[in-house]
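For reference, the structure is listed below as structure tokens.
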Amino acid sequence: MDPWYDYLAFPVAPVVLIVQIAALFLRPAWVRIGLSVAATVSIYVMAEYVWSLPDRPGEGVNIGAAVFVGWLLASIGLLGIGLAREVLPFALRSLRGTRSADW
């Protein structure tokens, strides 16, 4: 029996990551964050499904599960970049405001 679920990591997760990268360039902030969170959650759900499948003796390594770890880490990294893009301008503005108030 071919482990079809292992091959889910290769065509679907990279497409979701491409959508997540494209979402970083969209204009409304709520769309950027919403798509980024949705992409991360969808990759996690796919990974959780693959991780929950039982391995029978003699099947070898579950390659799809290992690949999903990489896709999930990349997606979490992109989510962090998206959140930093939203938070960093506010932090810099507040720093500028406190510096000018001190002088």
Side-chain angles (χ1 to χ4, degrees):
M1 186 171 135
D2 192 26
W4 61 269
Y5 49 85
D6 276 351
Y7 302 122
L8 186 65
F10 298 108
V12 177
V15 172
V16 173
L17 282 176
I18 290 170
V19 169
Q20 190 173 4
I21 290 170
L24 291 173
F25 300 101
L26 294 177
R27 188 42 77 152
W30 63 271
V31 171
R32 279 194 301 263
I33 298 300
L35 280 176
S36 192
V37 168
T40 303
V41 168
S42 67
I43 289 177
Y44 175 75
V45 167
M46 288 186 279
E48 189 63 40
Y49 172 71
V50 170
W51 295 333
S52 69
L53 294 172
D55 288 334
R56 290 184 296 241
E59 279 190 356
V61 178
N62 189 351
I63 296 170
V67 172
F68 266 118
V69 169
W71 294 129
L72 186 61
L73 290 175
S75 182
I76 290 170
L78 286 171
L79 178 62
I81 289 170
L83 290 174
R85 180 179 178 204
E86 298 302 321
V87 171
L88 203 58
F90 294 114
L92 290 176
R93 277 189 223 132
S94 69
L95 277 176
R96 283 187 205 134
T98 57
R99 284 186 187 164
S100 63
D102 291 339
W103 294 99

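Just so it is clear, the structure is predicted and the values come from calculations on it, not from any experiment.
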Worksheet item: Should Leu83 and Leu73 be counted in the same cluster of Ile, Leu, Val, Met, Phe, Trp and Tyr side chains packed under 4.5 Å apart?
Response: no
Worksheet item: Going hydrophobic residue to hydrophobic residue with side-chain gaps under 4.5 angstrom, can you get from Ile76 over to Ile43?
Response: yes
Worksheet item: Can you hop from Phe25 to Leu78 via hydrophobic side chains spaced under 4.5 Å?
Response: yes
Response to the item:
In this structure, CD1 of Ile81 is separated from CG of Leu88 (nearest 0.5 Å) by 12.0 Å
Worksheet entry | Same apolar cluster: Val37 and Phe68, side chain cutoff 4.5 Å | no
Discussion item. For Gly82 versus Leu24, what's the shortest heavy-atom pair and its separation?
Written reply: CA-CD2, 3.7 Å
Item to complete: Give the minimum heavy-atom separation between Pro89 and Ala84, together with the two atoms involved.
Response: CD-O, 4.3 Å
Fill in: Contact list for residues 21-43, test salt bridge (charged side-chain N to carboxylate O under 4.0 Å, His left out), sequence neighbours left out
Arg32-Glu86
Let me check something: any side-chain donor-acceptor pairs from residues 12-19 under 3.5 Å, sequence neighbours excluded? List them with distances.
none

Fill in: Shortest non-hydrogen contact between Thr40 and Leu72, atoms and distance
O-CD1, 4.1 Å
Fill in: Side-chain touch Gln20/Leu79, heavy atoms, less than 4.5 angstrom
yes
Discussion item. Test of understanding: clusters of I, L, V, M, F, W, Y form through side-chain heavy atoms closer than 4.5 Å, transitively. Do Val67 and Tyr44 belong to the same one?
Written reply: yes
Item to complete: Without swapping roles, check the side chain of Ser75 against the backbone of Trp71 for a donor-acceptor pair under 3.5 Å.
Response: no
